[in-house]
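Letters A, B, ... mirror the listed sequences (proteins, then strands); counts begin at 1. Computed over heavy atoms, backbone and side chain alike; hydrogens, waters and symmetry mates excluded.
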There are 2 protein chains.
Amino acid sequence: MKYSKATNYALHTIVYMIEQARNEKISVQKLADHFNVSTTYLSKILTQLVKANLIESTTGVKGGYVLSKKVEDISFLDVIYAIEGNAAFFKCEFKDSKCLIHKTMIEAESLMEEYLQNKKLYQVAQNECQGE
Amino acid sequence: MKYSKATNYALHTIVYMIEQARNEKISVQKLADHFNVSTTYLSKILTQLVKANLIESTTGVKGGYVLSKKVEDISFLDVIYAIEGNAAFFKCEFKDSKCLIHKTMIEAESLMEEYLQNKKLYQVAQNECQGE
DNA sequence: GCGTGATTACTCGGATACAAGATGTCCGAGTTTGAGCGG
DNA sequence: CCGCTCAAACTCGGACATCTTGTATCCGAGTAATCACGC
């Protein structure tokens, strides 16, 4: 039961983009250097963020990635869902919907997700840990 | 980011034991039949619960497992920790302790865990999903 | 009937096998910008 | 100076390799109750 490294990279990437001058495109290359990961790997992660409509990409020379929303609209949960998917943490093998254990676990998860939905990434920008 | 099946089995096993007459030993065999899993696999899971002092085992003929605490003292979180470990969901690769992303994620996790700590398993016993 | 040993019904733990997912790399393809070059 | 071509700088996507973790099985060892047997 752990969040993947990819989620960590995704969160940091978005925060980094928030801290850049607005609407300035940024290349995978630059991000990868900054976080000290391979460009190809990071690009996979960014592709997932694009599919979730959190960022936009423009191809070709001078291409790169830009936030596609107002910074106030990007929550932790948005990024997490984009990378991890939005399936429930817990799934009862048995009677599922009627299972009280299942119900309890879902309630617990909801608490956490509600918090992460209300927490926006721009709130932690600046003074943020910036890779190595 | 998902809880393992083992956690599901563990939670259901404890609930099942709560529903049994108190202090009555129960064998892996019986539990495995009930949940329709292999005895050897379930026994590994139970061993983890023993190590976490949630249940006790007695070996030999007429041996088996019994709860080792009062039912009011067994929380969801106890069982989850026993199986999943108590490591944090999220770990920042970078400056860790100073990272606000990390801090936020830990806060979110704490909310969930607090809920699961206060929720006891006997509260969902009875009317519970009992395997197939 | 009483002690001793064998059998039986259990748990325990190590070794192993398999599958799935996370992590990461490689490479070829498509796309846009801009530079170079010829008329 | 205009238009064409071509290279360069990007993203995109599929295929693949590797590692870790979860799931599951097998088997041999240890342990305690009970049964059987001999004295």
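Between A/E84 and B/V50, it is B/V50 whose nearest contact on DNA chain C lies nearer the 5' terminus. Comparing A/S43 and B/K62 against DNA chain D, the residue whose closest nucleotide sits nearer the 5' end is A/S43. Remark on DNA chain D: of its neighbouring residues B/T39 and B/G60, the 5'-side contact belongs to B/T39, judged by nearest-heavy-atom nucleotide.
An OP1 or OP2 oxygen of D/dG22 is reached within less than 4.0 angstrom by no side-chain nitrogen or oxygen of B/Y9. Proximity of B/Y3 to the phosphate of D/dT21: no side-chain N or O atom is located under 4.0 Å from OP1 or OP2. Residue B/Y41 has no polar side-chain atom (N or O) positioned under 4.0 Å from OP1 or OP2 of D/dT25.
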Note to self: For B/Q123 and A/T104: C-alpha separation, side-chain torsions, deciding distance, then whether side chain to side chain contact (heavy atoms under 4.5 Å, CB included) applies.
What the structure shows: CA-CA 10 Å; B/Q123 295 175 299; A/T104 301; over 6 Å; no

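Residues passing the side chain to side chain contact (heavy atoms under 4.5 Å, CB included) test with B/Q117 are B/S75, B/L77, B/D78, B/K120, sequence neighbours excluded.
Note that CG of B/L111 and CD1 of B/I106 are 12.0 Å apart. Values are rounded to the nearest 0.5 Å. Here CG of B/L121 is found 6.5 Å from CD1 of A/I101. Values are rounded to the nearest 0.5 Å. Once rounded to the nearest 0.5 Å, the distance linking CG of A/L67 with CE of A/M17 reads 4.5 Å.
Note: CD1 (B/I26) to C1' (C/dT11) measures 15 Å, nearest angstrom. Whole-Å rounding puts the A/I45 CD1 to C/dT25 P distance at 11 Å. Taking atom CG of B/L42 as the reference point, atom C1' of C/dC12 lies 14 Å away to the nearest angstrom. Atom CD in B/Q29 sits roughly 8 Å away from atom P in C/dT11 (whole-Å rounding). The distance from atom NZ of A/K2 to atom C1' of D/dC19 is 14 Å, rounded to the nearest whole Å. Atom CG in A/L49 sits roughly 14 Å away from atom C1' in D/dT11 (whole-Å rounding). In this entry the distance linking CD of A/Q48 with C1' of C/dT23 reads 12 Å, nearest Å. Rounded to whole angstrom, the span from the CD atom of B/E56 across to the C1' atom of C/dC10 amounts to 17 Å.
Here the side chain of A/V61 is nearest to one of D/dT25, C/dG34, D/dA9, namely D/dA9. Relative to the side chain of A/T59, the nucleotides C/dT11, C/dC26, C/dG30 differ in distance, and C/dG30 lies closest. Listed candidates were C/dT23, C/dT25, D/dA24. Nearest to the side chain of A/A6 is C/dT23. For B/K5, the listed nucleotide lying nearest its side chain is D/dA24; candidates were C/dT33, D/dT34, D/dA24. If you check C/dT31, C/dT11, C/dT33 against the side chain of B/S27, the one that comes closest is C/dT11. With C/dG13, D/dT25, C/dG24 as the candidates, the nucleotide lying closest to the side chain of B/K51 is C/dG13.
Looking at heavy-atom distances under 4.0 Å, B/S4 makes contact with sugar-phosphate atoms alone, never a base. Contact annotation for A/V37: no contact, since no heavy-atom pair falls under 4.0 Å across all strands.
The aromatic ring centres of A/Y115 and A/F76 sit 6.0 Å or more apart.
Dense packing is recorded around NZ of A/K69, with more than 12 heavy atoms of other residues, nucleotides or ligands lying under 6.0 Å away.
Taking the six-membered ring where tryptophan is involved, the planes of A/H34 and A/Y16 are tilted, since the angle between them lies from 30° to 60°.
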Atom pairs, N/O to N/O, protein against nucleotides 15-18 of chain C, distance under 3.5 Å?
none

